[in-house]
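Notes to accompany the following structure.
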Amino acid sequence: MINGKDWQQEQERLDAVTEELQSRIAEVEPEVSGLRDQVVDIRKQFWEEVTVNTSTDEDFEETFYSIKQQEALLNERERSHKLRLQRYKSMKRLLPSPYFGRIDFHGDGLKHSEEVYIGVSSFIDKDGLDFLVYDWRTPIASMYYDHSPGAAQYDTPGGQITGNMTLKRQYQIRDGKLQNVFDTSVTIGDELLQQVLGKGADNQMKSIVATIQKEQNVIIRDDKSHMLIVQGAAGSGKTSAALQRVAYLLYKHRERLSADQIVLFSPNPMFNSYVSTVLPELGEENMQQTTFQEYLAYWLGGTMTLEDPFEQIECVLTAAGSEGAEARLISMKYKASEAFLHALQNYALWLGKEGMLFQSITFRDRELITAEQMKAQFYSYDSSIRLMNRVLLLQEWLLKELASLEGQEQEAEWVQDELDYLDTDQYAEAYSMLRKKYEREQAVFDFTQQYVDLYGDRPETEQGEEEIFDFALQEEEMLRRMIVKAHFKPLRREVKRLQFIDVIGLYSQLFGDEALYLQMTGEAEVPQHWSEICRQTKEKLSRHELFYEDATPFLYLKELLEGTRTNTVVRHIFVDEGQDYSPFQYVFLKRLFPRARMTVLGDFGQAIFPQATQLHDVNSPLIGLYGPEDTSLIRLVQSYRSTRQIVEFTKSLLPGEEIVPFNRSGEKPSLVVTDTVEKRATRILQDLAALQAEGYDSIAVITKTAAESREAYGALTAQGGAELRLITKETQRFEKGVSVLPVYLAKGVEFDAVLIYDASPQTYQRESERKHFYTACTRAMHRLLLYTTGDWTPLVQGLDSALYEEVR
């Protein structure tokens, strides 16, 4: 803590900044309100001020320029309003706590030190000469995170500035009053972190700009890597740092980067609500947020029913030992691999020579164009033409064939039948079209007659000789064309959408004869249980359904045939829980966003999905995605979320993993043994009540599967458990209170207290479930309780008993 004199000076300085903020807010507030009213008025009066007149060229030109003038005025007002509103909101955000840090920096060659106060946004004095507060993202503010007092430097667009940091100070300010002031020699002092981390969990993630650590700052300010991989222990702040990174990028590149050019791939929809307030707290708009499943559903959901990753993991957890379970697990891993990606690429090359499958175009129970005709036409094109380009040539041929067949179809008997039952509106439409045609032809006839009168000879015309316009005859022809055209319209639409390609058949063709698969793909061997893998896959496809592990390869093959869908607008993509994405999916994302840089955040210790990608060392397949020279791998080993006792317990579940607990003390995890399931429910309810009485209002009862969540929820509510919330994959919002949920939906979220509903061998028996168990336990910030009605899971039995307290 600082002495009394320094404290008084700091409070006086804070009072002065607060007073200036209040004055400027009061000054800007009427302007913001007034400009908003002006914009609304201009929008309302936009057309009232403009007389639309297109009678002559001069009138049209006058109208055009009048509209442009009004549009320019509106745009200027809206721009002014937006800038003032941003400044107003920025000052309102600063008012309760204008800054959180200070450094005194004496630049080399300068006479005086500069006092740099750091907050969530910049605030300049009224004269526009001095920064009263520097935005944490400014280059000079980086020293606060990266250096201790002593020699220091920071980078600017004009080069590196060197000098000496003579002071680093941290503040806790609430409602314009100093609460705490610390001088520190490290990035963020333990005192401040202890207080921040000791608070309860919120229903939304908060900004961490006041407590950014040096290693997190490297992530935030990395502006060179095309691929940034962050392997972070549970609770290491990797997701928080990534969100601050978004804010930093939007600030630094504000002239050419906007929030809608950044996409975050989240682990589940509920996570989106959990992180939704971080960027607005920093004065930035939220980026686009989605899940990979939502992207797959967008492109395939109209024709295929997709399994989601949560259904897949449920299968892994519940079907162990059942018939076909081992084959399914092998299938999941193989179809997520780079090997299968290369197999599909080779398969596309093979299809360029033979094996393409098409769907006949049928009309009124007969084939207009057969699949064999399409195949013959397709392979008649030069084999050097790329597969997707030959598909487009075939599409063009099909549209021409349909146009020809449409003309022939007009004489069919069914057309006469429909002609007899047309309503008056259709006749009126035909008559109107004929009237227009007649008027055009009459105009040509009149011109011809005038020509003859003048020159005594007829001009050459395409008709050759004058035709007599027969309304009755031409009306019937027009109606026949209209009828057939309407019936052929869906056929043309299907061809334009490339629905003549039998994509399901082509994907299914892969899963047949083993020898043919090796021939088509160039693979040296097939996975174990190949025949069972093929049976399961083809059975699913026959119902127009896809396993989760098939969805990305299926879409990839579809794009190899139809052309790649790319998004060249997006500049940055962030993948959270990146260990749960497959190498195949990463290649797909790179193809989808060819101009984007990628930031991947994950913890291989929490890799609970079978398609997991290794992140934590130089052997990660992600290194090769952009190349080692454009890839940075950062490891975060310090865990801040949980108390030291909880981290020591959870790190012992993953022997060999480097995890360093932050020195925040708490109670040891409690291992509670009860005699029966009913007594377990009773004890859990008692513990929930006690935890809530202690002030913990974000509590999770975590289970292994969704079925177990429903069972736990039912058992607890049956004994009077009120205000429990059952979380499912459809849950859209994260809220405080007591939640009952499976472990895979708790990923990325933290709770004040976590209760592991069943830590018995019946639930966690296999070694493959170790990471599920670890993930569940690491959600706890302050308290961790585990329950069993008999023995403990083998994952716990081997632990040092000093790490926990057993309660019977």
Side-chain angles (χ1 to χ4, degrees), residues 197-201 234-235 639 641-654 659 661-704 708-709 711-713 715-716 719 721 724 737-743 746 749-764 769-770 772-808:
L197 297 173
K199 294 178 180 178
S639 180
R641 173 187 297 144
S642 309
T643 62
R644 177 173 51 79
Q645 287 78 7
I646 292 175
V647 174
E648 293 290 359
F649 176 83
T650 55
K651 70 178 286 192
S652 65
L653 296 171
L654 295 179
I659 304 173
F662 181 74
N663 191 26
R664 180 168 64 88
S665 190
E667 296 185 30
K668 291 181 181 180
S670 297
L671 274 60
V672 183
V673 183
T674 61
D675 296 332
T676 65
V677 171
E678 291 74 17
K679 288 183 179 179
R680 177 178 62 190
T682 301
R683 179 56 190 262
I684 288 176
L685 288 174
Q686 291 172 352
D687 290 339
L688 286 173
L691 289 167
Q692 289 175 313
E694 290 180 47
Y696 299 132
D697 54 5
S698 174
I699 305 174
V701 177
I702 298 183
T703 66
K704 189 174 77 170
E708 191 185 352
S709 287
E711 175 194 321
Y713 180 78
L716 295 172
Q719 293 202 24
L724 302 180
V738 180
S739 301
V740 183
L741 71 168
V743 57
V749 183
E750 61 189 18
F751 302 89
D752 292 333
V754 166
L755 291 73
I756 306 299
Y757 181 73
D758 186 359
S760 70
Q762 288 72 37
T763 300
Y764 293 103
E769 294 164 340
R770 180 177 293 276
H772 294 79
F773 190 67
Y774 168 79
T775 302
C777 293
T778 55
R779 302 305 94 200
M781 292 178 62
H782 306 293
R783 296 292 301 277
L784 174 62
L785 299 88
L786 300 87
Y787 300 84
T788 187
T789 55
D791 293 331
W792 291 105
T793 166
L795 303 176
V796 168
Q797 287 180 17
L799 300 184
D800 184 347
S801 60
L803 295 172
Y804 57 84
E805 178 184 4
E806 190 168 33
V807 181
R808 290 185 179 271

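Below, all heavy atoms of this structure are taken into account, side chains as well, without hydrogens, waters or symmetry copies. Owing to the predicted nature of the structure, the values given are computational and were not obtained by experimental measurement. This chain uses plain numbering: 1 for the first residue, then up along the sequence.
Minimum heavy-atom separation, Thr643 to Ser665: CG2-O, 4.0 Å. Counting all heavy atoms, side chain and backbone alike, Phe773 lies closest to Ile756 at CE1-CG2, 4.2 Å. The two residues Ala753 and Leu691 make their nearest non-hydrogen contact at CB-CD1, 3.9 Å. When all heavy atoms of Leu653 and Tyr774 are compared, the pair lying nearest together is CD1-CA, 4.1 Å. Taking all atoms of both residues into account, the shortest heavy-atom contact from Arg644 to Asn663 is NE-OD1, 3.5 Å. When all heavy atoms are compared, the tightest approach of Tyr757 to Val677 is OH-CG1, 4.4 Å.
In this structure the side chain of Tyr804 reaches within 4.5 angstrom of the side chain of Ser801, judged on heavy atoms. The shortest distance between side-chain heavy atoms of Ile699 and Arg783 does not fall below 4.5 Å. The shortest side-chain heavy-atom distance between Leu688 and Leu724 falls under the 4.5 Å cut-off. Under the 4.5 Å side-chain criterion, counting only non-hydrogen atoms from C-beta, Asp752 is in contact with Asp697.
Separating the NZ atom in Lys704 from the OG1 atom in Thr793 is a distance of 9.5 Å, to the nearest 0.5 Å. How far NE2 of His782 is from CD of Glu750: 8.0 Å, rounded to the nearest 0.5 Å. Atom-to-atom distance recorded for Ser760:OG and Trp792:CH2 is 9.0 Å, nearest 0.5 angstrom. Note that CG of Asp800 and CD of Glu648 are 10.5 Å apart. Values are rounded to the nearest 0.5 Å. The distance from atom CG of Leu784 to atom OG of Ser642, rounded to the nearest 0.5 Å, is 8.0 Å. A distance of 9.0 Å separates CD1 of Ile702 from CG of Leu755, quoted to the nearest 0.5 Å.
Side-chain atoms of Gln645 come within 3.5 Å of backbone atoms of Gly666 as a donor-acceptor pair (strictly under, hydrogens ignored). At distances below 3.5 Å, at least one donor-acceptor pair connects side-chain atoms of Lys668 with backbone N or O atoms of Ala802. At least one donor-acceptor pair closer than 3.5 Å links the side chain of Arg779 to the backbone N or O of Val749. Formation of a donor-acceptor pair under 3.5 Å by the Ser652 side chain with backbone atoms of Leu799 is not found in this model. Not a single donor-acceptor pair under 3.5 Å links the side chain of Arg641 to the backbone N or O of Ala234. No donor-acceptor pair closer than 3.5 Å links the side chain of Arg770 to the backbone N or O of Leu654. Using modelled atom types, no side-chain atom of Glu806 and backbone atom of Leu671 make a donor-acceptor pair closer than 3.5 Å.
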Evaluation steps, side-chain contact (heavy atoms from CB on, under 4.5 Å), between Leu786 and Cys777:
CA-CA 9 Å; Leu786 300 87; Cys777 293; 4.2 Å; yes

Would you sort out whether Thr788 and Val796 count as a side-chain contact (heavy atoms from CB on, under 4.5 Å), showing the intermediate values?
CA-CA 11 Å; Thr788 187; Val796 168; over 6 Å; no

Report the C-alpha separation of Ile646 and Val754 in whole Å, then their side-chain angles, then the decisive distance to 0.1 Å, and conclude whether the side-chain contact (heavy atoms from CB on, under 4.5 Å) test is met.
CA-CA 11 Å; Ile646 292 175; Val754 166; over 6 Å; no

Stepwise side-chain contact (heavy atoms from CB on, under 4.5 Å) check, Tyr787 with Val672
CA-CA 5 Å; Tyr787 300 84; Val672 183; 3.6 Å; yes

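Side-chain contact of Gln719 with Thr682: a donor-acceptor pair under 3.5 Å is present, judged by distance alone.
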